[in-house]
Amino acid sequence: MLATCGAVTLSGPARADQYDFISELDNSGVSYASITDMINIGKELCHDLRSEVSPSVVLGKLRRTGFAPAESAIILT
């Protein structure tokens, strides 16, 4: 978790569209019920990070929605 938060903190602004995001999740084996819901989750996470919400807080938010720790880290990065 610390490595993920560190990587997010040190990385530059993300430049991906919703299709790249879903493709990356699919390629990484992240399970989700709805593409639309996952895109909305991604948009909310990006908004939080742009608003300077701590990556560890964002990661916790993902975990509380039911994603496994490894999936949460993949989604966040």
Side-chain angles (χ1 to χ4, degrees):
M1 182 168 123
L2 291 175
T4 299
C5 290
V8 171
T9 302
L10 296 175
S11 67
R15 301 278 188 246
D17 65 20
Q18 60 194 14
Y19 305 107
D20 291 335
F21 175 64
I22 294 299
S23 178
E24 186 65 34
L25 297 180
D26 290 344
N27 291 337
S28 299
V30 174
S31 298
Y32 52 89
S34 162
I35 289 175
T36 302
D37 290 346
M38 203 63 232
I39 289 170
N40 289 334
I41 288 169
K43 287 178 180 179
E44 184 177 339
L45 296 177
C46 285
H47 178 304
D48 287 349
L49 293 170
R50 280 193 303 269
S51 299
E52 299 184 11
V53 174
S54 164
S56 62
V57 170
V58 175
L59 191 60
K61 194 178 202 181
L62 277 168
R63 302 241 355 247
R64 285 188 299 278
T65 62
F67 289 101
E71 288 179 324
S72 297
I74 291 167
I75 295 166
L76 180 61
T77 50

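Only a predicted model underlies this, so the values are computations on that prediction, with no experimental measurement involved.
- Although no hydrogens or angles enter the test, the distance criterion places a donor-acceptor pair under 3.5 Å between the side chain of Thr77 and the main chain of Ile74.
- Interatomic distance, Asn40 CG to Gln18 CD, rounded to the nearest 0.5 Å: 9.0 Å.
- The side chain to side chain donor-acceptor pair (under 3.5 Å) search around Ser54 returns Ser56, not counting sequence neighbours.
- Under the side chain to side chain contact (heavy atoms under 4.5 Å, CB included) criterion, Ser23 pairs with Asn27, not counting sequence neighbours.
- Taking all atoms of both residues into account, the shortest heavy-atom contact from Gly29 to Glu71 is O-OE2, 4.1 Å.
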Under 3.5 Å donor-acceptor pairs involving side-chain atoms of residues 30-39, not counting sequence neighbours:
{"unit_1": "Tyr32", "atom_1": "OH", "unit_2": "Asp26", "atom_2": "OD1", "d": "2.5"}
{"unit_1": "Tyr32", "atom_1": "OH", "unit_2": "Asp26", "atom_2": "OD2", "d": "3.4"}
{"unit_1": "Ser34", "atom_1": "OG", "unit_2": "Thr36", "atom_2": "N", "d": "3.3"}
{"unit_1": "Ser34", "atom_1": "OG", "unit_2": "Asp37", "atom_2": "N", "d": "3.1"}

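- Taking Glu44 as the reference, Asp48, Lys61 meet the side chain to side chain contact (heavy atoms under 4.5 Å, CB included) condition, with sequence neighbours excluded.
- Put simply, CG on Leu62 and CG on Leu45 are 4.5 Å apart, with the number rounded to the nearest 0.5 Å.
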